[in-house]
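Working notes for the structure below.
Atoms within each ligand, like the ligands themselves, are counted from 1 in listed order. Everything quoted here is computed from the prediction, not taken from an experiment.
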Amino acid sequence: MTRSRRSPRTTRRSLRGSEALALNTASPLSRRRLLCAGAAAAVAAPLFGCANAARGPSIGRVVVIGGGYGGATAARYLRLWGGNIEVTLVERNTEFVSCPLSNLVISGHKQMADITRPYAALEGLGVRRVQGEAVAIDPQARQVRLADGRTLGYDRAIVSPGVDFTPGEVIGLDSPVAHQKILHAWKAGPQTAALRRQIEAMPDGGVYALTIPTAPFRCPPGPYERACLVADHFRRFKPRSKVLVLDANPEIQSKKVLFERAFAEHYKGIIEYRPNNELRQVDAATNSAKLDFDDVKADVLNVIPPQRAADIVRSAGLANINNRWVGVHWLTMEATAAPGIHVLGDATFAAPLMPKSGHLANQHAKVAAAAIIQLLKGEPVNATPVVANTCYSYVTALEAVHISTVHQYDTAEKTFKVVPGSGGLSTAASELEGRIALAWADNIWADTLAI
Ligand SMILES: Cc1cc2nc3c(=O)[nH]c(=O)nc-3n(C[C@H](O)[C@H](O)[C@H](O)COP(=O)(O)OP(=O)(O)OC[C@H]3O[C@@H](n4cnc5c(N)ncnc54)[C@H](O)[C@@H]3O)c2cc1C
């Protein structure tokens, strides 16, 4: 992790206009340093320098499906580095809503507005934004079809649609009443606000039960962060309430020692953690759940369902690993099932020790954008990309911890592998890391959305 020793005040003064506005007021990090470091990590030397969009006749059309962490970043960097590429971004939502920090909304420490950002600046860079639902990709005709019948031709497509769920694997979870009542809030948006309302309405002395599916799932530390933050809310406002964490996995999936410490030091008597306990059945009428070793009745039942790549990649026949995830060629992020279609982020079958994170989706995007520019020019792609991941988790409303890794492309094994000795884990939670986590979010939103 890179930390600036300069004070927040000095850092803000050193930035100009909109850059300063993009920083959290307590941020000790320089946005430009982080952006250029992230870009430099991901691509070949001739491509970076944070130069603005080039000009000239079009060298190709790229359609990007999904304006989240992967897709929006790819759209931006295709314009920044490629300039004369026609980029169309298809996104169903009108605004970007961030999963990172969304657990703070659920616990009442932030509002939806704090995790919502506009797409307008991408349009300012020349990205054509189309609001709509992509329903099909035809790799032969090189066309994307939208739900309203429109078609978009491409030379190369990028797909970064995130995850969808397989509620059918849990009896009762796919019923209309369960859809209404048993929330996942694992895609930031209306469910985030609705889960917050359920927790607010819960009586003191009630039980909030959170179920975690078998890995892999989006954001390995996310469920445990959510448990901590809801428990933090309870200890202040509903001290007789309990958080029951029912994990299908044998142990905490990320930052284990730090979460165990938080559970013991801050939430003894509030959080109860039960591993090896997979959810099998729910009854939405009674808010009850059957698991491998427990029958549970909760006031708020928050089920994170089993996951897979989102519908659009499955319908396009790209999900060729376990019928769930997309295999990719890591040098270009091109799907192994279909040339010309590059898949990013959570939808991919991960390289070893590569979590499904927003930070890595952003890095995948830079690898793909750089490669696509080279491919459209008929030039070789960078043969040795390096990407990094840093993930912060709050263990109280103010204190956070981080984990970080560096991943280098391994030519022999044709995948990214963790660089030995790289990265690290916090030794302890701190308020400083809590402030850095907010700065991380501001920085990555700025990098992703050009704000
Ligand atoms: C509670 C929680 C906390 C998290 N905290 C962190 C964190 O601290 N740090 C971190 O790095 N990561 C974190 N993550 C993980 C992070 O959110 C994901 O890894 C990241 O969003 C993946 O990026 P993506 O581009 O693959 O998908 P997304 O960011 O989900 O983007 C997918 C986009 O595609 C759109 N879309 C999908 N299908 C279509 C379609 N057919 N047509 C049009 N649009 C479509 C969606 O609307 C969405 O906007 C967290 C996740 C959760 C749930």
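Residues meeting the side-chain hydrogen bond (donor to acceptor under 3.5 Å, both in side chains) test with S160, sequence neighbours left out: none. Y224 is linked by a ring pair (Phe, Tyr, Trp, His ring centres under 6.0 Å) to F259, counting only residues two or more places apart in sequence or in another chain.
Under the 30°/60° scheme for interplanar angles, the aromatic rings of F416 and W330 are found to stand perpendicular.
Salt bridge R324/E169: present, at least one basic N to carboxylate O contact under 4.0 Å.
Under the ring-ring contact (aromatic ring centres under 6.0 Å, His included) criterion, the residue pairs touching residues 115-167 are F165-H184, with sequence neighbours excluded.
Protein residues with any heavy atom under 4.0 Å from ligand 1: G66, G67, G68, Y69, G70, V90, E91, R92, N93, C99, P100, S102, N103, G132, E133, A134, S160, P161, G162, W186, R218, C219, R226, I312, G345, D346, K356, S357, G358, H359, A361, Y392, W440.
In the model, N362 has no side-chain atom that pairs as donor or acceptor with a side-chain atom of Y77 under 3.5 Å.
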